[in-house]
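In what follows, residues are counted from 1 in the order of the sequence shown.
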Amino acid sequence: MKILVLNGNTTVAVTERMIAALNPLCPENVQLIGATALFGMPYVSTRAAVAVAAHAVQDAARAAVEREQAAGRAPFDACFYACFGEPGIEALRAEHTFPVVGMAEASILTALQLGERFAIVTVGAAWPAMLRDLMRRTALEARCAGIAVVPGDALAVATGREDGLKLVRAAVDEAIVRTAPDVVIVAGAALAGYGTALAGQVPVPVLDSLTAGFEQALALARLGLRRGG
């Protein structure tokens, strides 16, 4: 099986970091191919950047599919869109026959299987308002206990220039005290891996959005279902 890992940010290092985190989770017969947006922002953190990313990921996914076809290689079995909030996911699903799994969508669905109310911990001052919009669009306002923000620059947290684990742990603790969720989602490509590192260290389950989303993409790839077939 072959899964496309699609990054809506333009920072290749973030794509590489996610692939490195996911490779140990892959069965031997699963290959991961990364694709990074070629235009837009280094890290999607504003409404304007979201709008651009919705276009950029279409080009990135299309180019990845065309490269595999041109090389005579097997098609993708699924796409894991590893950008929390997944701008433009509907267009991706309309264009491609393979399943497209969004990081936010998949991790929220997983959280709902574990508890009544979930909290989201993310990085970027503009994301809480955008995620509240997402909750309204998906009719999940009553299930979302609250949103906490990790301070600092997203790429600095992602690349270790800031003490990411300490910052994320403080935000998770704050979310638990303030909102009393049943589950906490550590959300976004920049925070990939931190949720896994905190599992078992706090009194509620902690989901890493990268891991939760990938597991659903893997499950759909195994099912072998394609749109229209």
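For F80, the ring-ring contact (aromatic ring centres under 6.0 Å, His included) criterion is met by no residue, not counting sequence neighbours.
Under a 3.5 Å cut-off, the side chain of N9 and the backbone N or O of V44 do form a donor-acceptor pair. The backbone N or O of G115 lies less than 3.5 Å from no partner atom in the side chain of D182, so there is not a single donor-acceptor pair. In this structure, K2 contributes its side chain and A74 its backbone to a donor-acceptor pair below 3.5 Å. When atom types are taken as modelled, the side chain of D77 and the backbone of I3 share no donor-acceptor pair closer than 3.5 angstrom. Between the side chain of T11 and the backbone N or O of V14, no donor-acceptor pair lies under 3.5 Å. Proximity of a side-chain donor or acceptor of Q31 to a complementary backbone N or O of M1 within less than 3.5 Å is not detected. Put simply, the side chain of R178 gets close to the backbone of I147: a donor and an acceptor are under 3.5 Å apart. The backbone N or O of I176 lies less than 3.5 Å from no partner atom in the side chain of T179, so there is not a single donor-acceptor pair. For the pair Y43 (side chain) and A190 (backbone), a donor-acceptor distance under 3.5 Å is present. A donor-acceptor pair under 3.5 Å is formed between the side chain of Y194 and the backbone N or O of V157.
Counting only heavy atoms from C-beta outward, the side chains of V204 and V183 never approach each other to under 4.5 Å. L155 has its side chain within reach of P42: a pair of non-hydrogen atoms, C-beta onward, lies under 4.5 Å apart. In this structure, the side chains of W127 and V149 stay at 4.5 Å or more apart for every pair of heavy atoms. Taking 4.5 Å as the limit, some side-chain heavy atom of Q58 sits within range of a side-chain heavy atom of L92. With contacts defined as side-chain heavy-atom distances shorter than 4.5 Å, the pair V184/F118 does not qualify. Considering only heavy atoms from C-beta on, V186 stays 4.5 Å or farther from S209 through its side chain. Considering only heavy atoms from C-beta on, F84 comes within 4.5 Å of I185 through its side chain. Residues T10 and M41 fail the side-chain proximity criterion, which asks for heavy atoms closer than 4.5 Å.
Transitive grouping of hydrophobic side chains (ILVMFWY, heavy atoms separated by less than 4.5 Å) keeps V12 and L32 in distinct clusters. There is no path of hydrophobic side-chain contacts, each under 4.5 Å, that joins Y81 to V50. Cluster annotation: V65 is not connected to V5 through the hydrophobic network of ILVMFWY side chains, with a link wherever side-chain heavy atoms come within less than 4.5 Å. Both L140 and M130 are members of a single hydrophobic cluster when ILVMFWY side chains are connected at heavy-atom separations under 4.5 Å. The hydrophobic cluster containing V57 also contains L4, counting ILVMFWY residues as joined when their side-chain heavy atoms lie under 4.5 angstrom apart, directly or transitively.
With values rounded to the nearest 0.5 angstrom, L131 atom CG is found 8.0 Å from C144 atom SG. From I19, atom CD1 reaches atom SG of C26 across 8.0 Å, with rounding to the nearest 0.5 Å. To the nearest 0.5 Å, atom CD of residue E90 and atom CD of residue E95 are 13.5 Å apart. One finds the CG atom of L38 at 8.0 Å from the OG1 atom of T36 (value rounded to the nearest 0.5 Å). Going from atom OG of S107 over to atom CG of L210 covers 10.0 Å, rounded to the nearest 0.5 Å. Note: T122 OG1 to L191 CG = 6.0 Å, rounded to the nearest 0.5 Å.
Identified under the ring-ring contact (aromatic ring centres under 6.0 Å, His included) test for residues 1-30, with sequence neighbours left out: none.
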*Apply side-chain contact (heavy atoms from CB on, under 4.5 Å) to V30 and L218, showing your working.*
CA-CA 9 Å; V30 175; L218 188 59; 3.7 Å; yes
*asked:* Pair I108, M135 - check side-chain contact (heavy atoms from CB on, under 4.5 Å), show working.
replied: CA-CA 10 Å; I108 289 169; M135 295 306 110; 3.6 Å; yes
*Does the pair E105 and R93 meet the rule for a salt bridge (Lys or Arg N to Asp or Glu O under 4.0 Å), with working shown?*
CA-CA 14 Å; E105 180 182 73; R93 286 174 171 158; 2.5 Å; yes
*Could you please spell out the steps behind the side-chain contact (heavy atoms from CB on, under 4.5 Å) verdict for R169 and D173?*
CA-CA 6 Å; R169 173 62 190 267; D173 288 342; 3.0 Å; yes
*Go through F39 and D59 one step at a time and tell me if the side-chain contact (heavy atoms from CB on, under 4.5 Å) criterion holds.*
CA-CA 9 Å; F39 59 91; D59 286 359; 3.4 Å; yes
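Annotation: H96 is not in aromatic contact with F76 [ring centroid separation under 6.0 Å not met].
In terms of heavy atoms, A175 sits closest to V121 at CB-CG2, 4.2 Å. Between D208 and G193, the shortest heavy-atom contact is OD2-N, 2.6 Å. Across all their heavy atoms, T110 and A212 have their closest contact at OG1-CB, 4.1 Å. When all heavy atoms of V123 and G152 are compared, the pair lying nearest together is CG2-O, 3.8 Å. Between N7 and A82, the closest heavy-atom pair is OD1-O, 4.3 Å. Of all the heavy atoms in R17 and A192, the pair that sits closest is NH2-O, 2.7 Å.
Between D133 and R47 there is a salt bridge, since a side-chain N of the basic residue sits under 4.0 Å from a carboxylate O of the acidic one. Between R132 and E141, none of the side-chain N atoms (NZ, or NE/NH1/NH2) sits under 4.0 Å from a carboxylate O, so this pair counts as no salt bridge.
When each of L220, I89, L6 is tested with V100 by the rule side-chain contact (heavy atoms from CB on, under 4.5 Å), just one qualifies, namely I89.
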